[in-house]
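Here the structure comes first, spelled out in structure tokens, and everything after it is commentary.
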There are 2 protein chains.
Amino acid sequence: MTKMDRMQGAQTLPLNTILAGDCIEQMAALPDACVDLIFADPPYNLQLKGELHRPDNSRVDAVDDDWDRFASFETYDQFTRAWLTEARRILKPDGAIWVIGSYHNVFRMGAALQDLGYWILNDVVWRKSNPMPNFRGKRFTNAHETLIWASKSEGARYTFNYEALKAMNEGIQMRSDWVLPICTGGERLKTDSGEKAHPTQKPVSLLHRVLVGCSKPGDVILDPFFGTGTTGAVAKALGRDWIGIERDPGYREVAEARIGKVRKFDKAALEVTRAKRAEPRVPFGTLVERGMLQPGETLVSATGKSARVRADGTLIGLDVSGSIHQVGAALEGAPSCNGWTYWHFVKDGQRVPIDVLRQQIRAEMHAAR
Amino acid sequence: MTKMDRMQGAQTLPLNTILAGDCIEQMAALPDACVDLIFADPPYNLQLKGELHRPDNSRVDAVDDDWDRFASFETYDQFTRAWLTEARRILKPDGAIWVIGSYHNVFRMGAALQDLGYWILNDVVWRKSNPMPNFRGKRFTNAHETLIWASKSEGARYTFNYEALKAMNEGIQMRSDWVLPICTGGERLKTDSGEKAHPTQKPVSLLHRVLVGCSKPGDVILDPFFGTGTTGAVAKALGRDWIGIERDPGYREVAEARIGKVRKFDKAALEVTRAKRAEPRVPFGTLVERGMLQPGETLVSATGKSARVRADGTLIGLDVSGSIHQVGAALEGAPSCNGWTYWHFVKDGQRVPIDVLRQQIRAEMHAAR
DNA sequence: AAACTGGATGAATCACCAC
DNA sequence: AGTGGTGATTCATCCAGTT
């Protein structure tokens, strides 16, 4: 792309503004092949039924906004295919799209992307370091969301800043799973009355990684579900042009104010994004799952006690069952016990502390970082 | 389910065998509602174009077997919907399914599951601790695969061993992202000539977590894409019955030999941490009947509320009377309240939760059994 | 001042049995 | 099948207020 092209585009495109209205209609008013990258965080169609309370009886503030309600999967699919069709038309031939969703909607979006001729490059998992737990103990903690990265078509020469991402990841190739905290604290935009300005504000760190990895300075980034404008804020800071589309006047107002305060190349703000990296916790159950220890196998202590391993990674001794720490403490009559050093397995007649197995797993995890 | 039902099922179902042939035809020959859990690892529809080479020019041994090739998304969808339809028919009403895939096929499977009436419970990310790097540096390291866990229909009472999974994870509830290594080393089955026996053999650890978490001893587990039989091997070790379906005689042979060598873990090892919900119900009135609490006695809460015990096992407070739960909820203005943990009696100046008395009764019931 | 404590909160498809 | 009663259930983080 020459400088001249960019100048012409800049004259006709509503750069660095928020378009008011429905995203399909607003995209329809844009010319063909004018956008380098699209980031889209559409309604998830959560289909929540009743209220949910935490064990302390406080009420969970659910996403029950009108914009997230659809009559059926069919209705949702029609909506999805309509906006993805317009999005593809306005993408440049070597442009790309990122979409984000949860299991409620992401499978439908992925299938639609493929059907419409997009070419999926990766799916990326945003592993939340601090998700909301499953309060009723009925399912796994819903601890991630899924992003899909796709080019406009097969064979397109999409932008991928491999070295920048590798540098961002301490010299190791960036993987398809990203550990990032959810948007809380000072980053979370509030109304004057102290409520959250938007129920699903995405963290700056997520957009930072997407835009650093998959766009260049001067690129045009479009977000058809702009909300409170995280995409615009990060694009501005990184020296990209942006176009937002948002229906809700309240969200637009918050986004305008927010982006107005952003300074270009504000490196200090971007450094906040790094996720903390502590020594990984290795549950004892992992050793059992991986077959390093067998259910039924006997562990022994230096004091001559013994217990047997169960399939769920608990131990069972005489009259007691529970974690390696609990059973160790009970057998010794002690208030607490470090099961990792207390318990040993027997190999070739030798007692080996189970902590040796934990070290092996930690070594693997470290290599995979 | 009674013992008799299980015996009848055992007589008609081809338990603990590998059925030879196409999975749709073989499932069609099974009766309605006969299976507790399905684990399915279908062809991924990978669509690899040419050969892939590492930086040192060695060739990557990719999945390019015939069974993994489909002419188009339409063909793949037809196949997917056909086998998922049969799978749903043979599932018991409270049964569930796990499917695994990558971005090539998982979006199509997820949408099909929803369209066919399955109810998605979680999507789970298998985060590989040792994935193959992206040799060309054109994309993110493809470091995960996606599993979908779904019940047969909305509202079904699926099996979820919450406490066992929590125990397996050092006392913290299990999340939707699982870090597990890929299947390598001694676990990876080889042919006589030393090649991989199957291109996509799944690790035992993955199936262990699925089966410990979502099935019970004695359940019937079906795997319609059996391959080298990881599902059968883990099911046998965990004391579950299994049915495999596999087209390829070579894979069947490897699987048979493999499963023949597996030993079932003993009964004590298969016992898993039990949920409190499984404990017998004790009416509060029993404590009064047995004289553990006296009619007229005052109970107190940690929040400073109080109420008095009546002879019929109800409480009476200011303006309210009813069960321990109802009075607690009313006094707190809460939607619900667990009276067992909310109310305390006073002994030697100390507040003691009435749940302690319930535990005494349960211990007696246990001893008398 | 630094450390500690209590409260709040986040895209959530979050019981089950007896009558 | 619908209703009502019992009673089981949470992790990481940030902030405000206190020691």
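What you are looking at is a predicted structure, and each value in this text was computed from that prediction instead of being measured.
- Atom-to-atom, CZ of R175(B) to P of dG10(C) comes out at 18 Å; the value is rounded to the nearest Å.
- Under a 4.0 Å N-O distance rule, the pair E332(B)/K305(B) does not qualify as a salt bridge.
- Residue-level contact check: N45(A) touches neither bases nor backbone, having no heavy atom under 4.0 Å from any strand.
- Here W119(B) lies parallel enough and close enough to stack on the base of dT13(C), with planes under 30° and ring centres under 5.5 Å apart.
- Using a 4.0 Å heavy-atom criterion, one finds that E195(A) contacts no nucleic acid atom at all.
- Backbone-only contact: Q173(B) has heavy atoms under 4.0 Å from sugar-phosphate atoms and none from a base.
- Nucleotide dG7(D) has no partner under the Watson-Crick or G-U criteria, as no pair reaches both atom distances under 3.5 Å.
- Nucleic acid contact class of P131(A) (heavy atoms, under 4.0 Å, all strands): base.
- Side-chain atoms of R139(A) come within donor-acceptor range of the base of dT13(C), with a qualifying N/O pair under 3.5 Å.
- Contact between the side-chain N/O atoms of S323(B) and the OP1/OP2 oxygens of dT6(D) is found at a separation under 4.0 Å.
- Taking only side-chain nitrogens and oxygens, K276(B) comes nearer than 4.0 Å to OP1 or OP2 of dT9(D).
- Taking atom CH2 of residue W340(B) and atom P of nucleotide dT6(D), one finds them 11 Å apart after rounding to whole Å.
- Looking at heavy-atom distances under 4.0 Å, N142(A) makes contact with sugar-phosphate atoms alone, never a base.
- Atom pair R54(A):CZ and dG6(C):P shows a separation of 19 Å (rounding to whole Å applied).
- Under 4.0 angstrom from either OP1 or OP2 of dA8(D) there lies at least one side-chain N or O belonging to N338(B).
- Between the side chains of D177(A) and H144(A), no donor N or O sits under 3.5 Å from an acceptor N or O.
- A donor-acceptor contact under 3.5 Å is formed by the side chain of K202(A) with the base of dA11(C).
- Checking dA12(C), dT13(C), dG10(C) against the side-chain heavy atoms of A62(A) singles out dA12(C) as nearest.
- Between Y162(B) and dT10(D) there is a side-chain polar atom (N or O) within less than 4.0 angstrom of OP1 or OP2.
- Annotation: dG7(D) and dT13(C) have their C1' atoms spaced 23 Å apart (nearest Å).
- Ring geometry, F284(A) versus W340(A): the interplanar angle exceeds 60°, so the pair is classed perpendicular (tilted spans 30 to 60°).
- Looking at R358(B) and E279(B), no side-chain N of the basic residue comes within less than 4.0 Å of a carboxylate O on the acidic one, giving no salt bridge.
- Residue T341(B) is classed as having no contact, given no heavy-atom separation below 4.0 Å to the nucleic acid.
- Each of dT13(C), dC14(C), dG5(D) was ranked by its minimum atom distance to the side chain of Q326(B); first place goes to dG5(D).
- Using the Watson-Crick or G-U wobble rule with both distances under 3.5 Å, dC14(C) pairs with nothing in any strand shown.
- Of the listed nucleotides (dA8(D), dT10(D), dA12(C)), dA8(D) has the atom at the smallest distance from the side chain of S336(B).
- Atom NZ of K138(A) is separated from atom P of dT10(D) by 12 Å (rounded to the nearest Å).
- Counting non-hydrogen atoms under 4.0 angstrom, V282(B) reaches the backbone sugars and phosphates but no base.
- In the set dA11(C), dT13(C), dT10(D), dT10(D) carries the atom at the smallest distance from any side-chain atom of P55(A).
- Using a 4.0 Å heavy-atom cutoff across all strands shown, C337(B) reaches at least one base atom of the nucleic acid.
- You won't find any donor-acceptor pair under 3.5 Å spanning the side chain of R281(B) and the base of dG5(D), going by distance alone.
- In this model, the phosphate group of dG10(C) is approached by a side-chain N or O of K196(A) to a distance below 4.0 Å at OP1 or OP2.
- Taking only side-chain nitrogens and oxygens, R188(A) comes nearer than 4.0 Å to OP1 or OP2 of dA11(C).
- Among the atoms of the strands shown, none is found under 4.0 Å from any heavy atom of N57(A).
- Here I172(B) lies in heavy-atom contact (under 4.0 Å) with sugar-phosphate atoms only.
- Contacts of K49(A) with the nucleic acid, taken as non-hydrogen atoms under 4.0 Å apart, are absent.
- For the residue pair T230(A) and R258(A), a side-chain donor N or O sits within less than 3.5 Å of a side-chain acceptor on the partner.
- Phosphate proximity of dC17(C) to R157(B): present, with a side-chain N or O under 4.0 Å from OP1 or OP2.
- Applying the Watson-Crick and G-U wobble criteria (two distances, each under 3.5 Å), dA12(D) pairs with dT9(C).
- Comparing the C1' positions of dT10(D) and dG7(C) gives a spacing of 14 Å, expressed to the nearest Å.
- Residue contacts for G50(A): at a heavy-atom cut-off of 4.0 Å it reaches a base atom on one of the strands shown.
- Look at the P atom in both dC14(C) and dA12(D): the space between them is 22 Å, to the nearest Å.
- Looking at H104(A) and S102(A), their side chains do bring a donor and an acceptor atom within 3.5 Å of each other.
- Looking at R252(A) and E246(A), no side-chain N of the basic residue comes within less than 4.0 Å of a carboxylate O on the acidic one, giving no salt bridge.
- Toward the 5′ end of DNA chain C lies the nearest nucleotide of P43(A), the other residue of the pair P43(A) and G137(A) mapping further downstream.
- For dC4(C), the paired nucleotide is dG17(D), the pair qualifying as Watson-Crick or G-U wobble because both relevant distances are below 3.5 Å.
- Electrostatic pairing of K128(A) and E145(A) counts as a salt bridge here, judged by a charged N lying under 4.0 Å from a carboxylate O.
- Comparing dT10(D), dA12(C), dG7(D) by their closest approach to the side chain of R358(B) singles out dG7(D).
- With DNA chain D read from its 5' end, the first of the two nearest nucleotides for T184(A) and R136(A) is the one closest to R136(A).
- Considering only the side chain of D68(A), dA11(C) comes nearest among dT9(C), dA12(C), dA11(C).
- Nearest nucleotide to the N134(A) side chain, out of dT13(C), dC14(C), dA12(C): dC14(C).
- Between dT6(D) and dA12(C), the two P atoms lie 31 Å apart (nearest whole Å).
- At the heavy-atom level, T200(A) lies under 4.0 Å from base atoms of the strands shown.
- For dT9(D), the O4'-C1' to base torsion is more than 90° from 0; the nucleotide is therefore anti.
- Ion pairing of D312(A) with R274(B) is absent here, as no side-chain N (NZ or NE/NH1/NH2) approaches a carboxylate O to less than 4.0 Å.
- Among the protein residues, P42(A) comes within range of the nucleic acid bases, having at least one heavy atom under 4.0 Å from a base atom.
- Residue K128(A) places no side-chain N or O under 4.0 Å from the OP1 or OP2 atom of dC11(D).
- Aromatic pair F225(A)/W67(A): centroids not less than 6.0 angstrom apart.
- Proximity note for H325(B) (side chain, C-beta onward) versus dA8(D), dT6(D), dC16(C): the nearest is dT6(D).
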